[in-house]
Amino acid sequence: QVQLVESGGGLVQTGGSLRLSCATSGSVFNTAVMGWYRQAPGKSREFVASLTIDGITTSTNSVKGRFTIARDNAKTSVYLQMNSLKPEDTAVYYCYARLKSGNVYWGQGTQVTVSS
């Protein structure tokens, strides 16, 4: 019903940058809060950032000042710009969409690895 297609993960060195993308359909994009969670090896899934349709952003303290979440309305995509990456940012990053119904859907995940 809801597809979230992620891309942009990869391997970077400490201090580098990556831009994650999450594309979905317009019907979902225009009615959902979207954002990102991440899960590091041996850790539970952690909230990273979110963006409402109205442009309200929220992010966890550990990424504030380094990560930026944004929407591209034309591409019906959400992006997570990650700068000044640290090894502790290494995780699988999952895009999500929270619909008006309250149902939450997840992308397939994309691996981000930051080397020391």
Side-chain angles (χ1 to χ4, degrees):
Q1 181 180 353
V2 176
Q3 293 188 46
L4 305 174
V5 181
E6 299 183 46
S7 62
L11 173 65
V12 298
Q13 293 184 317
T14 298
S17 298
L18 285 173
R19 189 182 188 223
L20 306 184
S21 300
C22 179
T24 189
S25 67
S27 60
V28 172
F29 182 83
N30 293 326
T31 58
V33 174
M34 298 186 69
W36 302 83
Y37 276 70
R38 65 187 181 186
Q39 188 165 22
K43 302 292 183 65
S44 60
R45 191 168 294 190
E46 174 192 29
F47 172 78
V48 178
S50 66
L51 177 62
T52 70
I53 300 168
D54 295 330
I56 300 172
T57 61
T58 304
S59 63
T60 190
N61 287 337
S62 63
V63 308
K64 287 181 178 177
R66 300 188 298 119
F67 291 11
T68 302
I69 187 169
R71 287 176 179 255
D72 186 324
N73 294 332
K75 296 181 179 179
T76 62
S77 296
V78 173
Y79 302 95
L80 185 67
Q81 179 66 49
M82 305 186 295
N83 299 324
S84 301
L85 283 162
K86 305 174 181 179
E88 50 262 46
D89 295 317
T90 295
V92 177
Y93 284 69
Y94 296 92
C95 177
Y96 76 91
R98 184 180 182 182
L99 276 58
K100 297 288 188 181
S101 64
N103 292 332
V104 179
Y105 298 89
W106 298 93
Q108 80 278 11
T110 185
Q111 177 70 49
V112 171
T113 302
V114 185
S115 62
S116 301

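Interatomic distance, CZ of R98 versus CG of N103, reported as 10.0 Å (0.5 Å rounding). The structure places OG of S62 at 8.5 Å from CD of E88, a figure rounded to the nearest 0.5 Å.
Side-chain contact check for W36 versus E46: every heavy-atom pair is 4.5 Å or farther apart. Looking at heavy atoms from C-beta onward, N30 lies out of side-chain contact with I53 at the 4.5 angstrom threshold. Put simply, the side chain of F67 does not reach to within 4.5 Å of the side chain of N83, judged on heavy atoms. Within the 4.5 Å cutoff, the side chain of V63 has heavy atoms near those of the V48 side chain. Using a 4.5 Å heavy-atom cutoff, the side chains of V78 and I69 are in contact. L85 has its side chain out of reach of T14: every pair of non-hydrogen atoms, C-beta onward, lies at least 4.5 Å apart. A 4.5 Å side-chain heavy-atom check between V92 and T110 finds every atom pair outside the cut-off. At least one side-chain heavy atom of L4 sits less than 4.5 Å from a side-chain heavy atom of V2.
The closest donor-acceptor contact from the side chain of T90 to the backbone of P87 lies under 3.5 Å. Of the possible donor and acceptor atoms, none in the side chain of D54 sits under 3.5 Å from a partner among the backbone N and O of I56. Of the possible donor and acceptor atoms, none in the side chain of S59 sits under 3.5 Å from a partner among the backbone N and O of K64. Between the side chain of Q81 and the backbone N or O of T68 there is no donor-acceptor pair closer than 3.5 Å. Side chain of T58 to backbone of S50: no donor-acceptor contact under 3.5 angstrom is found.
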Decide side-chain contact (heavy atoms from CB on, under 4.5 Å) for K75 and F29; before the verdict, give the C-alpha distance in whole Å, the side-chain angles of both, and the deciding distance to 0.1 Å. CA-CA 10 Å; K75 296 181 179 179; F29 182 83; over 6 Å; no
Are Y93 and M82 close enough, and set up right, to give a side-chain contact (heavy atoms from CB on, under 4.5 Å), and what steps lead you there? CA-CA 11 Å; Y93 284 69; M82 305 186 295; 3.8 Å; yes
Carefully, step by step, assess D89 and R66 under the rule side-chain contact (heavy atoms from CB on, under 4.5 Å). CA-CA 11 Å; D89 295 317; R66 300 188 298 119; 2.7 Å; yes
Could you please spell out the steps behind the side-chain contact (heavy atoms from CB on, under 4.5 Å) verdict for Y94 and R38? CA-CA 6 Å; Y94 296 92; R38 65 187 181 186; over 6 Å; no
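In the model, S77 has no side-chain atom that pairs as donor or acceptor with a side-chain atom of D72 under 3.5 Å.
More than 12 heavy atoms of other residues, nucleotides or ligands shown are found within 6.0 angstrom of CD on Q39. More than 12 heavy atoms of other shown residues, nucleotides or ligands fall within 6.0 angstrom of atom CD in Q108.
Taken together through direct or relayed side-chain contacts under 4.5 Å among Ile, Leu, Val, Met, Phe, Trp and Tyr, V33 and L99 form parts of separate hydrophobic clusters.
In terms of heavy-atom proximity, A49 sits nearest to L80 at CB-CD1, 4.3 Å. Minimum interatomic distance between C95 and M34 (heavy atoms only, all atoms of both residues): SG-CE, 4.0 Å. The two atoms that bring V12 and S17 nearest to each other are CG1-O, 3.8 Å, heavy atoms only.
A cation-pi arrangement is absent between R45 and Y37, since the terminal nitrogen or guanidinium carbon is not both under 6.0 Å from the aromatic centre and inside a 45° cone about the axis. Cation-pi geometry between R71 and Y79 is not met: the NZ or CZ atom fails to fall both under 6.0 Å from the ring centre and inside 45° of the normal.
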